[in-house]
Amino acid sequence: MKSLQEQIAGLDVMLTARLGGASISLQPIPGSVPVIQVVIGGREELPIFITASEAQTLCICYLWTEAEVRGETRTELLEALLDLNPSIPLSSFGRVNEHYVLFGALAADARVEDIAHDVAALSDNALDALDALAHYLN
Amino acid sequence: MSVIGKMLTLLRGSARELGESVVDANATRIYEQEIIDARNAILKAKSELTGVMAKEMQSAREIERIRAEALRLEDLALEALGKGKEALAEEVAVKIAETEQQLEEQSRVHADYALQVGKLKDLIKSAEAKVREHEREVAIARTTESVYKATRSISDNIGASGSKLLNARESLDRIKRRHEELADRMAAAESLDKETGTRALEIKLAEAGIGGDAERARRVMERIRARKTDAEGQ
């Protein structure tokens, strides 16, 4: 099986082409599982993390934490996320510990072209979702 | 309980705070061993099944052979009776009775094999289902573990590098502000070009009736006047 780095070779060039010439930086994150941080020029605050396991390749964008959710509209927010899930192309909402995330899941042996497509969609979707759902947050 | 049901219980429970230890490593190892065992059992059952199915076919052929033999003997007995050889016919009848006994016995054996084939097929089916279920269980456990570990690495890394994860509203505001700045810069560049660039100069010249369209119209008028003068001169 290829390493994550080998799997995403050329991702930066493909993303630049997909995102209208935006600068892209790829940075491995040290730890016990392979993680690569993708920072997109102009959207530095919303990096995408790519991580690989035996079962799948995951692209994750951390949106907000539980502490940021306004208590009085929390149920409304959760319902909105469930309702939105099937409609958002390629990305789904989820939660890891206290982090709300938007993620795209691909096969473990996904091609770099597919990963680029997913990361670009995820970045657009994350920005859009933040804008649409910000009123549920403190 | 379903695999996802178990995972939900784990995530809801105290293990949630522990994050990466959400998955019981021992349970995963046990499942992996069970997958190996079930795969071996399937291989063994499949080779056994081949043997039993071969025997089942053999016994089917044997039944056909005995039936044909019984028919042949009956024809012979009939022929003996027809020729008035009563004693000979009775001798053949004893033989036919033996053959019928053989047929019964062989049919029992055949039914036994058929039963074994059915049992082995069921065994293989259930072992294959078990392998699929355990594989899914291990995959879900592994994936959960991997996502929690990745999140831990990302949090640790952001903590260590001194930068902190901004809250969502701050992030959104910054990105929007940057986009607005870019849009403003582009609008400014355009208006600057209007005021000071080549276009500005051309606009001023045209207003003064110099160059471009103003000049062209003047030249056309001169040409027409010249033709009129020519025409009057002739």
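Just so we're on the same page: letters track the sequence lines, and every chain starts at 1.
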Notebook entry, point to check: Which distance, rounded to the nearest 0.5 Å, do you find between the CG of A:Leu63 and the OG of B:Ser171?
Noted result: 10.0 Å

Checklist line | Set of residues satisfying salt bridge (charged side-chain N to carboxylate O under 4.0 Å, His left out) with respect to B:Glu32, sequence neighbours excluded | finding: B:Arg142

Notebook entry, point to check: For B:Glu105, does the CD atom sit with more than 12 other heavy atoms under 6.0 Å from it, leaving out its own atoms?
Noted result: no

Notebook entry, point to check: So what's closer than 4.5 Å to chain B heavy atoms on A:Leu127: side chain, backbone, both or neither?
Noted result: both

Check: In terms of heavy-atom proximity below 4.5 Å to chain B, should A:Gln37 be classed as side chain, backbone, both, or neither?
Finding: neither

Check: Hey, does A:His99 have a side-chain heavy atom less than 4.5 Å from the side chain of B:Ser155?
Finding: yes

Notebook entry, point to check: Hey, are the side chains of B:Thr151 and A:Tyr62 touching, using non-hydrogen atoms and a 4.5 Å cut-off?
Noted result: yes

Item checked: Under-4.0 Å salt bridge between A:Glu45 and B:Arg178 -> yes

Notebook entry, point to check: Among A:Val101, A:Asp131, A:Val35, which has the most heavy-atom pairs under 4.5 Å with chain B?
Noted result: A:Asp131

Next item on the list: Please state whether the side chain, the backbone, both or neither of A:Ala52 comes within less than 4.5 Å of a heavy atom of chain B.
Entry: backbone

Item checked: OG1 on B:Thr143 to CD on A:Glu54, rounded to 0.5 Å -> 8.5 Å

Check: Between A:Ala134 and B:Leu172, what is the shortest heavy-atom contact and its length?
Finding: CB-CD2, 4.0 Å

Checklist line | Note, B:Asn167 side chain near A:Trp64 side chain (heavy atom, < 4.5 Å) | finding: no

Next item on the list: Pick one of side chain, backbone, both or neither for A:Leu137, based on which atoms fall under 4.5 Å of a heavy atom in chain B.
Entry: both

Margin query: Heavy-atom count check: over 12 atoms from other residues, nucleotides or ligands less than 6.0 Å from B:Arg174 CZ?
Written below: no

Margin query: Report, in residue-number order, which members of residues 13-22 of chain A are under 4.5 Å from chain B by heavy-atom distance.
Written below: none

